[in-house]
Amino acid sequence: MTTTMQDVLYAISGMTRAELDLVMEACNARHKAVKATETLSAMTTLKVGDKVRLLGLSPKYANGATGFITVAHGPAMLVALEDNIVSAKARQRFGPVVTVPAGSLEKVG
């Protein structure tokens with residue numbers, strides 16, 4: 001049987017604050033584990049020169065910007081943003097080169 005989001009919402013609708021706190025702790029732990037897995041995967045597959053797209057960042061307008069990895073330094077990557085309409089606001093705010101967590105990058109093409 002597949003659990004849907006509606007099933008989850010129904011299950012938590014009658015929980016106490018303490019029970020909801022436990023659910024939140026479990027969700028936060030799962031989120032950290034997923035992020036660590038994404039970071040490790042990106043660190044092993046991305047390399048200098050790869051074209052990448054920025055994802056899951058704040059501020060949100062940085063998401064979707066594209067560029068090229070110029071330096072790969074552990075879990076952080078330096079990305080030279082492309083000069084295009086999607087990347088324009090991020091370039092204006094942060095400059096032409098940004099430091100991005102490896103797990104927030106997706107290889108393009």
Identify the heavy atoms of [X] and [Y] that sit nearest to each other, and give their distance.
X    : Y   : answer
G56  : N63 : N-OD1, 2.9 Å
E82  : K51 : OE1-CE, 3.3 Å
A102 : A42 : O-CB, 3.1 Å
A62  : A90 : CA-CB, 4.2 Å

Gap between atom [atom2] of [Y] and atom [atom1] of [X] - 0.5 Å precision:
X    : Y   : atom1 : atom2 : answer
E106 : T66 : CD    : OG1   : 11.5 Å
L81  : K89 : CG    : NZ    : 14.5 Å
M24  : I12 : CE    : CD1   : 9.5 Å
I69  : L46 : CD1   : CG    : 4.5 Å
T39  : M77 : OG1   : CE    : 9.0 Å
L22  : L20 : CG    : CG    : 9.0 Å

Heavy atoms, side chains only, cut-off 4.5 Å: are [X] and [Y] in contact?
X   : Y    : value
D50 : T45  : no
M43 : P101 : no
E19 : V23  : no
V48 : T70  : no

Practice task
Verify side-chain contact (heavy atoms from CB on, under 4.5 Å) between L78 and H73, making sure each step is shown before the conclusion.
Solution key: CA-CA 8 Å; L78 288 181; H73 185 67; over 6 Å; no
Problem - Cluster link V108 to L55, ILVMFWY, side chain under 4.5 Å - result: no
Exercise for the section: Could you state whether F68 and L57 fall into the same hydrophobic cluster, counting links through intermediate Ile, Leu, Val, Met, Phe, Trp or Tyr residues with side-chain heavy atoms under 4.5 angstrom apart? Expected result: no
Practice task
Check the surroundings of atom NZ in K35: do more than 12 heavy atoms from other residues, nucleotides or ligands lie under 6.0 Å from it?
Solution key: yes
Practice task
Output yes when a side-chain donor or acceptor of N28 lies under 3.5 Å from a complementary backbone atom of E25, and no otherwise.
Solution key: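 No, N28 side chain to E25 backbone: no donor-acceptor pair under 3.5 Å.
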Handout entry: Check: T37 main-chain N/O paired with S41 side-chain donor or acceptor under 3.5 Å
Key =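 No: the side chain of S41 does not pair with the backbone of T37.
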